[in-house]
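Chain A is the first sequence line, chain B the second, and so forth, proteins listed ahead of strands; every chain is numbered from 1. None of these values were measured; they are calculated from a predicted model.
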Amino acid sequence: KQEVTQIPAALSVPEGENLVLNCSFTDSAIYNLQWFRQDPGKGLTSLLLIQSSQREQTSGRLNASLDKSSGRSTLYIAASQPGDSATYLCATRGSQGNLIFGKGTKLSVKP
Amino acid sequence: NAGVTQTPKFQVLKTGQSMTLQCAQDMNHEYMSWYRQDPGMGLRLIHYSVGAGITDQGEVPNGYNVSRSTTEDFPLRLLSAAPSQTSVYFCASKLGNTEAFFGQGTRLTVV
């Protein structure tokens with residue numbers, strides 16, 4: 001059964017810092033991996049989707065990488081801003097076509 | 001495109017009452033699903049549908065019913081609300097192994 005873990009559960013950084021969020025999964029036979037952002041009291045906003053055949057995807061200041069052999073994905077955020085403060089979730093496809101989520105990393109970027 | 005639309009945004013029910021959470025998408029996605037999000041538990045799959053007329057159970061289906069009469073709509077019914085069903089509910093849709101899109105959520109309190 002696929003399990004997804006995100007460590008740390010919370011992270012606080014000063015504005016301007018480059019940072020990396022981690023996501024690990026137990027079954028390397030994945031279809032894809034998706035990163036989401038969730039603001040307090042809001043829904044999930046898709047940030048990046050990496051297919052299993054890809055190594056990385058980029059969108060603006062965000063870069064997500066995927067290493068299936070080690071069961072890891074990372075989300076790199078360059079030049080962090082207070083507006084980046086949110087909970088970041090990673091998810092991979094389960095056997096029912098659903099998404100299996102980690103519990104998220106709550107990021108706080110201090111001005 | 002409106003994406004995934006959920007109604008209502010907030011709801012308070014008394015124990016034993018029934019209600020329907022609405023979900024509609026305008027992207028012609030064949031796959032739709034319902035999740036609940038609880039503190040410390042993350043997002044868990046309730047029910048899902050791979051197309052009109054086809055539904056199946058997820059990880060936590062008890063106390064909930066679904067139907068899928070059209071591609072666009074996937075309502076979630078609470079048959080007899082219980083305090084344990086107090087949660088935030090999210091509807092999601094996707095096409096094959098592409099990016100999943102989420103609604104803004106319904107915050108449900110059962111008293």
Side-chain angles (χ1 to χ4, degrees), chain A residues 1-10 23-26 29-54 57-59 62 64 66 68 73 75 86-106, chain B residues 1-7 9-10 21 23 25 27 29-51 54-61 66 68 74 87-109:
Chain A
K1 179 186 174 186
Q2 179 74 273
E3 292 181 2
V4 179
T5 304
Q6 292 183 252
I7 296 173
C23 173
S24 61
F25 44 93
T26 54
I30 61 169
Y31 289 89
N32 54 42
L33 190 135
Q34 193 167 358
W35 283 92
F36 295 88
R37 168 187 174 137
Q38 186 175 28
D39 293 287
K42 303 293 186 183
L44 280 70
T45 300
S46 178
L47 297 174
L48 289 163
L49 172 73
I50 311 176
Q51 298 291 354
S52 61
S53 58
Q54 298 174 316
Q57 281 284 346
T58 298
S59 176
L62 305 180
L66 176 64
K68 289 193 299 178
S73 176
L75 180 66
T87 296
Y88 290 80
L89 297 155
C90 66
T92 186
R93 183 186 183 275
S95 60
Q96 296 170 303
N98 59 306
L99 291 174
I100 298 174
F101 285 87
K103 293 186 179 175
T105 294
K106 186 175 182 179
Chain B
N1 289 352
V4 180
T5 303
Q6 287 184 238
T7 56
K9 288 187 169 54
F10 302 94
L21 280 62
C23 175
Q25 54 92 9
M27 298 173 282
H29 287 171
E30 90 285 3
Y31 187 98
M32 296 185 74
S33 53
W34 278 100
Y35 297 84
R36 59 178 290 174
Q37 186 177 35
D38 302 290
M41 302 294 292
L43 284 129
R44 292 179 292 170
L45 181 68
I46 305 172
H47 284 286
Y48 67 98
S49 170
V50 298
I54 306 170
T55 64
D56 209 342
Q57 297 181 348
E59 181 184 357
V60 288
V66 291
R68 184 96 179 268
F74 190 43
S87 186
V88 182
Y89 291 85
F90 289 101
C91 179
S93 75
K94 66 186 179 83
L95 187 65
N97 287 324
T98 62
E99 193 177 13
F101 294 89
F102 280 73
Q104 287 300 299
T106 296
R107 189 172 296 271
L108 175 69
T109 302

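- Neither the backbone nor the side chain of B/Arg44 comes within contact range of chain A; no heavy atom of the residue lies under 4.5 Å from a heavy atom of that chain.
- Between chain A and the options B/Gly103, B/Ala100, B/Gly105, the largest number of non-hydrogen pairs under 4.5 Å is found for B/Ala100.
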When the side chains of residues 42-49 of chain A are checked against the rest of the protein, which donor-acceptor pairs come out under 3.5 Å, sequence neighbours left out?
from, atom 1, to, atom 2, distance (Å)
A/Ser46, OG, A/Gln34, NE2, 2.8
A/Ser46, OG, B/Glu99, OE2, 2.5

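- The closest donor-acceptor contact from the side chain of A/Gln96 to the backbone of B/His47 lies at 3.5 Å or more, if one exists at all.
- Within residues 29-37 of chain B, the residues that have a heavy atom under 4.5 Å from a heavy atom of chain A are B/Tyr31, B/Tyr35, B/Gln37, listed by number.
- Minimum interatomic distance between B/Asn97 and A/Gln51 (heavy atoms only, all atoms of both residues): O-NE2, 3.0 Å.
- Surrounding CD1 of A/Ile7 are at most 12 heavy atoms belonging to other residues, nucleotides or ligands under 6.0 Å away.
- Of the two parts of A/Asn98, the backbone and the side chain both hold a non-hydrogen atom closer than 4.5 Å to a non-hydrogen atom of chain B.
- In this structure, chain A has a heavy atom under 4.5 Å from the side chain of B/Lys94, while its backbone stays farther away.
- Counting heavy atoms from C-beta on, the side chains of B/Leu43 and A/Phe101 come closer than 4.5 Å.
- Partners of A/Thr58 by side chain to side chain contact (heavy atoms under 4.5 Å, CB included), not counting sequence neighbours, listed by chain and number: A/Glu56, A/Asn63.
- Evaluation of the side chain to side chain contact (heavy atoms under 4.5 Å, CB included) rule for A/Lys68 yields A/Ile30, A/Ser52, A/Leu66 as partners, not counting sequence neighbours.
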